[in-house]
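What you see is a predicted model, and the numbers here were worked out from it, not measured in a lab. Residues: numbered from 1 along the sequence shown. In listed order, ligands and their atoms are each counted from 1.
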Amino acid sequence: MPKVLIAGGAGFIGTHMTEYLLKRGWEVVSVDNFSTGKRENVERFRGDPRFTFHEMDITEAVPEGDYDYIINLASPASPQKYLSLPLDTMLVNSIGVKNLLDLAKRSGATFLLASTSEVYGDPLVHPQPETYWGNVNPVGPRSVYDEGKRFAEAITMAYHRYEGVPVRIARIFNTYGPYMDVADGRIISNFASQALLGKPLTIYGDGSQTRSFCYVSDMVEGLFRLLTYEGLDGEVVNLGNPEEWRVIDVAKLVVRLLGLEENFSFLPLPQDDPKRRKPDITKAKRLLGWEPKVPFEEGLRRTLKWYREVLNVG
Ligand SMILES: NC(=O)c1ccc[n+]([C@@H]2O[C@H](COP(=O)([O-])OP(=O)(O)OC[C@H]3O[C@@H](n4cnc5c(N)ncnc54)[C@H](O)[C@@H]3O)[C@@H](O)[C@H]2O)c1
C-alpha cells in the first residue's frame with residue numbers, strides 16, 4: 001500500500017484526509033506543529049498501526065522517510081488565523097514548502113500543494129479559471145497569505161521544471177464541514193457558533209458579497225484524484241463548489257436550519273475582502289471526472305450537528 005506524508009495533518013482538511021487514506025489502507029505519516037490544528041484531531045488515529053504522527057514545525061525539520069506521496073496542507077487558512085500569524089504564514093508557505101519539496105525529491109514522491117482561491121485576490125474575472133492570474137494587492141494585509149501561496153505555487157512549479165519533482169497544485173475554494181475550528185473566523189464556523197450560542201450573526205458589509213462552499217468530503221475526493229491520477233504532473237486545478245451563495249442568504253439558512261429567529265449584526269467590510277468568489281471547475285471535471293456531490297443544505301445540516309456536539313448545546 002502507498003505511504004503518504006500529510007503536512008498539516010492535525011488541521012481541518014488534514015483530519016478528513018487522514019481518515020480517508022487510512023480507510024483505503026494507506027500508511028499515513030502526519031506532521032503538524034499545532035499552530036492552528038488540534039491535538040485531538042490526531043489522537044483519534046493513534047490506535048491505528050498504519051498511522052504515525054510527528055510534532056514538528058516544517059520550516060525547521062521534516063520527518064525523513066521514503067514516501068510515495070506528500071500532501072502539503074500546512075498553513076494557517078482562515079483570514080483571522082493568518083492575520084494573527086503573519087510571519088509564520090509566509091515562512092510555512094516558503095521555507096516549509098521548500099523543505100517538503102526537497103523531501104519529495106529525495107524520496108521520489110509525488111507532491112500535492114494545497115493552494116487557494118486567494119491567489120486570485122479580488123478577481124476581475126468571474127468565475128475564475130486556472131488561467132486567470134489574479135488581482136492581488138502585494139502589500140495589503142492579506143498579502144501574507146495570498147502572496148505566500150503564490151510563492152508556494154511558484155516554487156512548486158520550479159521544483160517540477162528544474163528538479164524533476166512530480167507535482168500537482170490544488171486551488172482550494174472555501175471548504176466547510178465537521179472538524180473546522182469553531183474559532184477560526186470563517187463564515188460557516190462564525191455563523192454556526194454565533195447562532196448556537198444565541199449571539200447575533202456577524203455580517204460584513206450588506207451581505208450581498210458571494211461565496212461558494214464545498215463540503216469537505218467532496219474536497220477530499222477531489223484532492224485524492226488530483227494526487228493519484230496518471231499524467232497530471234505540473235497541473236494546477238481549481239477544486240470547489242461553483243454554486244454561489246450571498247453571505248446574507250447563508251446566514252438566513254443557518255438560522256432556518258436551527259429553527260431560530262433572525263438576529264444579524266452588520267459590520268464594515270474588511271480591507272481587500274473579495275466581493276465575489278466562484279470556481280470554474282471545468283478543468284477538474286475534465287481531468288478528474290470530479291464535481292461536488294453534497295448539496296449545501298445537506299452539508300450545512302451535518303456541520304451544524306457537529307458544532308452542536310462540540311459546543312455542547314442542546
Ligand atoms: N479550508 C478552506 O476553506 C481552505 C481554502 C483554501 C485553501 N485551503 C488550504 O488548505 C490547507 C488546509 O486548510 P485547513 O482548512 O485544513 O486549515 P487548518 O488551519 O485547519 O490546517 C492547517 C494545519 O497546518 C498546520 N501547520 C501550520 N503551520 C505549520 C508548520 N509550520 N509546521 C507544521 N504544521 C503547520 C496547522 O497546525 C494546522 O493543523 C491550507 O494550506 C489552506 O491554505 C483551505
Side-chain angles (χ1 to χ4, degrees), residues 5-19 29-42 53-63 70-100 103 112-120 128 142 144-153 156 169-190 211-220 222-223 226 237-241 274 277 279 292 299 303:
L5 174 68
I6 304 181
F12 159 50
I13 299 177
T15 306
H16 288 275
M17 188 51 100
T18 302
E19 201 165 68
V29 179
S30 176
V31 58
D32 205 291
N33 68 348
F34 298 118
S35 60
T36 58
K38 289 210 158 24
R39 278 178 202 280
E40 65 251 34
N41 287 349
V42 288
F53 179 73
H54 298 266
E55 183 171 349
M56 264 181 202
D57 181 332
I58 62 158
T59 65
E60 288 164 6
V62 288
I70 296 177
I71 302 174
N72 181 24
L73 300 165
S75 169
S78 72
Q80 189 165 310
K81 291 283 165 71
Y82 62 70
L83 293 174
S84 68
L85 295 165
L87 297 180
D88 293 333
T89 301
M90 299 211 78
L91 293 178
V92 74
N93 281 299
S94 50
I95 297 170
V97 177
K98 178 191 182 296
N99 288 343
L100 291 175
L103 178 61
L112 174 70
L113 173 71
S115 183
T116 169
S117 55
E118 299 251 359
V119 299
Y120 299 123
Q128 296 86 50
R142 298 172 76 111
V144 292
Y145 184 66
D146 300 3
E147 295 293 6
K149 287 289 184 182
R150 287 166 72 97
F151 180 86
E153 289 198 7
T156 297
I169 297 175
R171 291 196 180 137
I172 300 176
F173 285 66
N174 272 353
T175 302
Y176 72 102
Y179 302 137
M180 192 167 56
D181 187 6
V182 175
D184 79 357
R186 282 182 267 203
I187 294 175
I188 304 287
S189 48
N190 273 355
R211 294 292 184 271
S212 60
F213 302 94
C214 185
Y215 190 66
V216 66
S217 60
D218 285 327
M219 180 55 60
V220 165
L223 291 170
L226 180 55
V237 179
N238 285 339
L239 293 175
N241 193 327
R277 195 57 89 45
T303 309

> Do the charged groups of Glu147 and Arg150 touch, with an N to O distance under 4.0 Å?
Replying inline: yes
> So is Arg186 in contact with ligand 1, going by heavy-atom distances below 4.0 Å?
Replying inline: yes
>> Under a plain distance cut-off of 3.5 Å, with no hydrogens placed, do Asn93 and Tyr82 share a side-chain donor-acceptor pair?
In response: no
> Can a salt bridge be assigned to the pair Lys149 and Glu118 using a cut-off of 4.0 Å between side-chain N and carboxylate O?
Replying inline: no
> Can you tell which of Tyr145, Phe213, Phe173, Tyr176 gets a heavy atom nearest to atom 8 (N) of ligand 1?
Replying inline: Tyr145
> Which ligand 1 atoms are under 4.0 Å away from a heavy-atom of Phe34?
Replying inline: 37 (O)
>> Check this for me - ligand 1, Leu73, N or O atoms closer than 3.5 angstrom, yes or no?
In response: yes
> Between Thr18 and Ile6, is a side chain to side chain contact (heavy atoms under 4.5 Å, CB included) present by the stated rule, with each step listed?
Replying inline: CA-CA 8 Å; Thr18 302; Ile6 304 181; 3.7 Å; yes
>> Within the 4.0 Å heavy-atom shell around Ser35, which atoms of ligand 1 are there?
In response: 26 (N), 27 (C), 28 (N), 36 (C), 37 (O)
> How far does CZ of Phe12 sit from CG of Leu73, to the nearest 0.5 angstrom?
Replying inline: 11.0 Å
> How close does the nearest protein non-hydrogen atom get to atom 22 (C) of ligand 1, and which residue and atom is it?
Replying inline: Ser75 O, 3.4 Å
> Any side-chain heavy-atom pair from Asn241 and Phe213 closer than 4.5 angstrom?
Replying inline: no
>> Show the atoms of ligand 1 that are less than 4.0 angstrom away from any heavy atom in Gly37.
In response: 36 (C), 37 (O), 38 (C), 39 (O)
> Does at least one non-hydrogen atom of Lys149 fall below 4.0 angstrom from an atom of ligand 1?
Replying inline: yes
> Can you list the ligand 1 atoms lying under 4.0 Å from a non-hydrogen atom of Ile172?
Replying inline: 4 (C), 5 (C), 6 (C), 7 (C), 10 (O)
>> Measuring from atom OH of Tyr176 to atom CZ of Arg186, what distance do you get when rounded to the nearest 0.5 angstrom?
In response: 13.5 Å
>> List ligand 1 atoms under 4.0 Å from Asp57, heavy atoms only on the residue side.
In response: 30 (C), 31 (N), 32 (N)
> At a 4.0 Å threshold, what atoms of ligand 1 neighbour a non-hydrogen atom of Ser115?
Replying inline: 7 (C)
>> Between Leu103 and Leu5, is there a side-chain heavy-atom distance shorter than 4.5 Å?
In response: yes
>> Holding to side-chain contact (heavy atoms from CB on, under 4.5 Å), I want the full list of residues that pass it with Asp57, two or more places apart in sequence or in another chain.
In response: Asn33, Thr59, Glu60
> Which atoms of ligand 1 have any heavy atom of Ala74 under 4.0 Å away?
Replying inline: 24 (O), 26 (N), 34 (N), 35 (C)
> Taking only residues two or more places apart in sequence or in another chain, which ones pass side-chain contact (heavy atoms from CB on, under 4.5 Å) with Asp181?
Replying inline: Lys38, Lys81, Ala183, Asp184
> Just distances here: any N/O of Ile58 and N/O of ligand 1 closer than 3.5 Å?
Replying inline: yes
> Heavy-atom contact under 4.0 Å between Tyr179 and ligand 1?
Replying inline: no
> Evaluating non-hydrogen atoms only, which member of Thr89, Asp88, Thr36 is closest to atom 38 (C) of ligand 1?
Replying inline: Thr36
> Which atoms of ligand 1 are found less than 4.0 Å from any heavy atom of Met56?
Replying inline: 32 (N), 33 (C)
> What part of Lys38, side chain, backbone, both or neither, has a heavy atom within less than 4.0 angstrom of ligand 1?
Replying inline: neither
> At under 4.0 Å between heavy atoms, which part of Thr175 makes contact with ligand 1: side chain, backbone, both or neither?
Replying inline: both
> For ligand 1, does Glu118 get within less than 4.0 Å through its side chain, its backbone, both, or neither, judged by non-hydrogen atoms?
Replying inline: neither
>> Looking at every heavy atom in both Gly240 and Phe173, which two are closest together, and how far apart are they?
In response: CA-CB, 4.0 Å
> Is it true that Ala7 lies under 4.0 Å from ligand 1, counting heavy atoms only?
Replying inline: no
> Side-chain contact, heavy-atom cut-off 4.5 Å: Ser217 with His16?
Replying inline: no
